[in-house]
Amino acid sequence: MQAVIRIALVSSVLAACGSSPAVTPDSGGGGSNDAGSGEGGFYVHWWSDPKLPGSVGNNATVTSATFRLTTLRVIGDADAGDDRTTKDGVTLDWDSDGYPDVSSFHDAPSGLYSKIAIALNGLIVQDSYDIEGTVNVGGSGATQGFKIHDIVPMNISLDIDNTLQPGSAVDVTVHIDFTSAIGVIDFSTLDTDDGKLDLDTLDSQMPAFRTELQNSFMVANATTPPQ
């Protein structure tokens, strides 16, 4: 019965989330991330603030983060659904083994690019994102694990101003400010699930966290990821 209630509540949250509608992947787009630039095209680098695993303030350390993108687009003069500027099914992972590879659009056409569009969506089967770490609740000295996971889709649009010349390359770095997002959580009020403090879709703190996380994505130009 609890599972039925939870599914119904999640369905209500999804229906009410007008700012983050469900996203259907475009056909014919790219697949997983590609590594490295070093040739012509458009390249999106990924950077966490701070470098993970690492301390993010609020007595917390983030040890891993996963973001599941149904689509990643670089948008400009070319059509927004152009296969050459669209990737489907991109997963971004930060953990002790490293950080995401460069997302490479080798065949991106020349022209002016004005936006990067990111669609996070686990398509019900998975969460749109998962973040895990440890926290010293109230600075008491007792460290406890935490997990943050959200099934609600999230659409992020980042303004850029980059011109890709024929035969040249453009490198753009997307930053995610985990310090800002984690800072809005009151860990002392979270329920515990499987031994970890749990912030999930139905928690009353999730809307504020979700908004802060969405606003934590920002852009800076770079030729090398500043990890």
Before giving the answer on side-chain contact (heavy atoms from CB on, under 4.5 Å), spell out for N155 and I118 the whole-Å C-alpha distance, their side-chain angles and the decisive distance to 0.1 Å.
CA-CA 6 Å; N155 294 323; I118 300 168; over 6 Å; no
Contact between L158 and M218 at the side-chain level, heavy atoms closer than 4.5 Å - yes or no?
no
Considering only NZ, NE, NH1 and NH2 on the basic side and carboxylate oxygens on the acidic side, decide whether R84 and D82 come within less than 4.0 Å.
yes
How about H175 and D49: does a side-chain donor come under 3.5 Å of a side-chain acceptor?
yes
T71 and D88: CA distance, side-chain angles, deciding distance, side chain to side chain donor-acceptor pair (under 3.5 Å) verdict
CA-CA 4 Å; T71 55; D88 296 337; 5.5 Å; no
May I ask you to decide if Q165's main-chain N or O and S110's side chain share a donor-acceptor pair within less than 3.5 Å?
no
State, yes or no, whether a side-chain contact exists between Y129 and M154 at a heavy-atom distance under 4.5 Å.
yes
Side chains of I182 and F209 in contact at under 4.5 Å (non-hydrogen atoms)
yes
Got a donor-acceptor contact below 3.5 angstrom from the T211 side chain to the P207 backbone?
yes
Take D95 and T63 through the test side-chain contact (heavy atoms from CB on, under 4.5 Å) and record every step on the way to the result.
CA-CA 6 Å; D95 55 31; T63 55; over 6 Å; no
Would you give the length of the straight line joining atom OG1 of T61 to atom CZ of F146, rounded to the nearest 0.5 angstrom?
7.5 Å
Ignoring hydrogens and angles, tell me if any N or O in the side chain of K87 forms a donor-acceptor pair with the backbone of S104 under 3.5 Å.
yes
Got a second to check how far L120's CG is from T70's OG1, nearest 0.5 Å?
7.5 Å
Only one of D127, D130, D193 passes salt bridge (Lys or Arg N to Asp or Glu O under 4.0 Å) with K147, and that residue is D193
Donor-acceptor pair, side chain of S114 and main chain of D161, under 3.5 angstrom:
no
If you measure only the distance, is there a donor-acceptor pair under 3.5 Å linking the side chains of S64 and E132?
no
Examine distances only and state if a side-chain atom of T134 and a backbone atom of Q144 form a donor-acceptor pair shorter than 3.5 Å.
no
Only one of D191, V137, I185 passes side chain to side chain contact (heavy atoms under 4.5 Å, CB included) with L197; say which it is.
V137
Is the shortest heavy-atom distance from the side chain of Y99 to the side chain of W47 under 4.5 Å?
no
First locate atom CG of L213, then atom CD1 of I176, and finally report the distance between them rounded to the nearest 0.5 Å.
7.0 Å
Ring centres under 6.0 Å, that's the criterion: do F42 and H106 meet it?
no
Do V90 and F67 touch side chain to side chain, with heavy atoms closer than 4.5 Å?
no
pair K115-D159: side-chain heavy atoms closer than 4.5 Å
yes
Atom pair CD1 (I148) and CG (D200), whose distance is rounded to the nearest 0.5 Å:
11.0 Å
T163 to V170 - nearest heavy-atom pair and separation
O-CG2, 3.6 Å
Is the backbone of V152 close enough, under 3.5 Å, to the side chain of S128 for a donor and an acceptor to pair up by distance?
yes
Look at the side chain of T189 and the backbone N and O of D186, then say whether any donor-acceptor pair between them is shorter than 3.5 Å.
yes
Taking the side chain as C-beta and beyond, is there a heavy-atom pair between I116 and V172 under 4.5 Å?
yes
Worked check of side-chain contact (heavy atoms from CB on, under 4.5 Å) between R210 and T201:
CA-CA 9 Å; R210 187 186 298 130; T201 300; 4.2 Å; yes
Minimum heavy-atom distance between D101 and W46, given as atom pair plus value:
O-CD1, 3.4 Å
Hey, could you give me the CG/CG distance between D203 and L190, rounded to the nearest 0.5 Å?
5.5 Å
State, to 0.1 Å, how close V56 and P50 come at their nearest heavy-atom pair, and which atoms those are.
CG1-CD, 3.7 Å
Going by side-chain hydrogen bond (donor to acceptor under 3.5 Å, both in side chains), name the residues that satisfy it together with N136, two or more places apart in sequence or in a different chain.
none
Do any N or O atoms from the side chain of T91 and from the backbone of R68 form a donor-acceptor pair under 3.5 angstrom?
no
Should F178 and S48 count as side-chain neighbours, where that means a heavy-atom distance under 4.5 Å?
yes
Can you tell me how far the CD atom of E212 sits from the OG1 atom of T179, to the nearest 0.5 Å?
11.0 Å
Can you name the closest pair of heavy atoms from V44 and F105 and give their distance?
CG2-CE1, 4.1 Å
For G40, is there any backbone N or O sitting under 3.5 Å from a side-chain donor or acceptor partner on Y43?
yes
Any chance you could lay out the side-chain contact (heavy atoms from CB on, under 4.5 Å) test for I151 and I124, step after step, and finish with the verdict?
CA-CA 6 Å; I151 204 169; I124 305 299; 4.3 Å; yes
